[in-house]
Each structure stands twice: as structure tokens, then as C-alpha cells.
**Student:** 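Sharing a structure here in C-alpha cells format.
Numbering of ligands and ligand atoms starts at 1, following listing order. What's counted below: heavy atoms across the whole structure, side chains too, no hydrogens, waters or symmetry copies.
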Amino acid sequence: MDAIEILREASNRIYKNVKDLAGTDDAAGDFGVGAGGDISRNIDIVAEKTVLDYLKEINFECIVLGEECGRVELSENPKGFVIMDAIDGSANAVRGVPFFCSSLAFATENKLSSITDGVITNLSNGEMYWASKNKGAFFNNKQIKVHKKNPIYKIIGINTSGSSIELMNKLHPIFENHDHTRHFGANALEMAMFARGLMDIFIDLRGKIRIQDIAAGYVIVKEAGGMLLDADLKPLDSDLSYDTRVSFIAAANQEILDEIMSQINK
Ligand code: IPD
Ligand code: CA
């Protein structure tokens, strides 16, 4: 089975196992601090276990890098890494806000740029975004592209959760100049929606986002024709380590990138 088929099946199994759990008291159960540094909730653990059980069931020879479970070596001869944020948007999932997803990616080396496959499933309705390197990006079975035309409403995705006052001051002109700034609380799903053309740019300059949260989005955005840059406007790349935190900008084209970047206070 190809990596993409494995990730798609694992995502479907997560959806099946958590769809009735979100928003319930049972979703919130506290399992202590996970590898990614946040408290692991029961819904996170159920979703991760679903993936780990499935990968073991099919003997997929890989190293799993999970946000809660950390590094799990499922083989002595791994074919690569499965980068797993089984629930992205955990706070939404626990509260029952219908905006959370699973994010699963496969990389051949310890590098973001070696990701070959990614799947993001909207766990509030089962819709799936997926891509394989050089094969395009898809929403369910339809190929997707970032929004290239001049939009009727320009939608600026911008994650400012937990931002410092310094960063808010830098970003302030963007909020002042645009009526339609958005952040929904699950970076992976927001990257997927950007790739589908629902937003024109998505920015996270907090320097806080983990690799697990963006790994699947990385290949989906690229295959949908989006630009993916770091805070210095260089092509986004990094290792896959737990400690790594990044900033990134996903832009539909150079024009919107230049427009938004010119509005950031130095
Ligand atoms: C969180 C979401 C959220 C972002 C946080 C992440 P998690 O992921 O992606 O949008 O603002 O920084 O931690 O913890 O729910 O997997
Ligand atoms: Ca998570």
C-alpha cells in the first residue's frame, strides 16, 4: 500500500473513533503533558492510539513522531517518518467547537522538505484534504488549487493566539487595513482551507507552531500551488524535531504576499 493510502485509512479510522467524543466530558480526560508540551486530553490519546494500532496492524515500517506519544519506532528498518498530530485544534475538540482535524504526513528523511504525502481530515464532518508530491492536492476527490484570481472578499488568515504585545504591534496595520481577518483554532485545517482557495494568505509569525501541526499542510499547500515561506521569506524548511518551532506564511501569489508583508511594522 502507498503511504497516502495508509494515511487516508488512518485518518478515516480517527474520524470514526472520535466523531461522537468531541464536546463530551469524556473528551477532556487529562493524561498529563505530552511530547509536544501541552496536556494530552483523552480525545488526543484515543486518536493517536487509533493510528498507532493501525500502523502496527499493517506492519508499516516507520518511525512515528506524534504530538502526544513522541517518537515511536515501529521498525528497525524504517521506510520513513509518520508525523502525527492526531487532533489539531484540541481545545475546539474538547469544547465541541466544530473546527478540529487530524494531520498525518509521511517524510522520507528528518526534514520538512522531504515530506511526500499528507492528509488532513476535518473531524467535524469527515471531509478529507490530501496530497502526494508531484501528484496534486485534493479535497475529497476533487483537485484543489489556491485562489489565484482577485477575490470578491480578501480573507486574511492570521494566527495571533498567545501573541506578545510586540508581535501584535507589528501586525496591527494588517488588522486595521483588512475587514476580513480570521483565525479558527486549528492551523492544519486552516492551511488545508487556504490550499482549497478559501483564504488568500495564512500567516503564523508567533514562532510557536510545532512541526506536527504543519507537516501535512506543507505538502497540501505546495501541491495546490501555494507559496510557503519562513519569517525571512525563504522557502520554509526545518528538521522534524519536537523542540522545533517555526513561523510561516502561506500565500496564494506574490502580489498578496507583497501587499501583506509591506503592511507589517518593522
Ligand atoms: C494548536 C492549533 C492552534 C494553534 C496552536 C496549536 P493543537 O494545535 O494548531 O491553531 O494556535 O499553537 O498548538 O495543540 O490543538 O494540536
Ligand atoms: Ca494536537
**Student:** Does the N or O separation between Glu190 and ligand 1 drop below 3.5 Å for any pair?
**Tutor:** no
**Student:** Can you list the ligand 1 atoms lying under 4.0 Å from a non-hydrogen atom of Ser90?
**Tutor:** 15 (O)
**Student:** Please could you name the atoms of ligand 1 that Asp38 approaches to less than 4.0 Å, counting only its heavy atoms?
**Tutor:** 14 (O)
**Student:** Between the Ca ion (ligand 2) and Ala86, is there an N, O or S atom separated by less than 3.0 Å?
**Tutor:** no
**Student:** Looking at ligand 1, would Gln212 count as a contact under a 4.0 Å heavy-atom criterion?
**Tutor:** no
**Student:** Backbone, side chain, both or neither: what part of Asp88 comes under 4.0 angstrom of ligand 1, heavy atoms only?
**Tutor:** both
**Student:** Where on Arg210 is there a heavy atom closer than 4.0 Å to ligand 1, on the side chain, on the backbone, on both, or on neither?
**Tutor:** side chain
**Student:** Determine yes or no for a side-chain-to-main-chain donor-acceptor pair under 3.5 angstrom, with Glu48 supplying the side chain and Glu68 the backbone.
**Tutor:** yes
**Student:** Under 3.0 Å from the Ca ion (ligand 2), can any N, O or S atom of Asp88 be found?
**Tutor:** no
**Student:** Could you tell me whether Arg13 and Glu9 have a side-chain N and a carboxylate O separated by less than 4.0 Å?
**Tutor:** yes
**Student:** Could you check which N/O/S atom of Asp85 is closest to the Ca ion (ligand 2)?
**Tutor:** OD1
**Student:** For a distance under 3.0 Å, tell me if Asp44 has an N/O/S atom near the Ca ion (ligand 2).
**Tutor:** no
**Student:** Ligand 1 versus Ala186, non-hydrogen atoms closer than 4.0 Å: side chain, backbone, both, neither?
**Tutor:** backbone
**Student:** Ignoring hydrogens and geometry, is there a side-chain-to-backbone donor-acceptor pair from Asp88 to Asn187 under 3.5 Å?
**Tutor:** yes
**Student:** Should the pair Asp53-Lys49 be classified as a salt bridge under the 4.0 Å nitrogen-to-oxygen rule?
**Tutor:** yes
**Student:** Can you list the steps and then say if Ile158 with Phe175 is a side chain to side chain contact (heavy atoms under 4.5 Å, CB included)?
**Tutor:** CA-CA 9 Å; Ile158 184 162; Phe175 289 97; 3.7 Å; yes
**Student:** With no hydrogens and no angle check, is any side-chain donor or acceptor of Asp232 less than 3.5 Å from a backbone partner on Lys234?
**Tutor:** no
**Student:** Please list the nearest protein heavy atom to atom 3 (C) of ligand 1 with its residue and the distance rounded to 0.1 Å.
**Tutor:** Gly185 O, 3.7 Å
**Student:** Go through ligand 1 atom by atom and flag the ones less than 4.0 Å from a non-hydrogen atom of Asn159.
**Tutor:** 4 (C), 10 (O), 11 (O)
**Student:** Assess Lys208 for proximity to ligand 1: is some non-hydrogen atom of it under 4.0 Å away?
**Tutor:** no
**Student:** Enumerate the atoms of ligand 1 whose separation from the nearest heavy atom of His183 is less than 4.0 angstrom.
**Tutor:** 10 (O), 11 (O)
**Student:** I'd like to know if Ile87 contacts ligand 1, where contact means a heavy-atom distance under 4.0 Å to any ligand atom.
**Tutor:** yes
**Student:** Does any N or O of ligand 1 fall below 3.5 Å from an N or O anywhere on Gly89, backbone included?
**Tutor:** yes
**Student:** Quick test of your reading of the model: are Asp38 and Arg210 salt-bridged, counting only N-O distances below 4.0 Å?
**Tutor:** yes
**Student:** Output the list of atoms in ligand 1 that are nearer than 4.0 Å to some heavy atom of Asp85, sorted by atom number.
**Tutor:** 16 (O)
**Student:** Which atom name does Glu67 have for its N/O/S atom nearest to the Ca ion (ligand 2)?
**Tutor:** OE2
**Student:** Which atoms of ligand 1 sit under 4.0 Å from any heavy atom of Ile209?
**Tutor:** 12 (O)
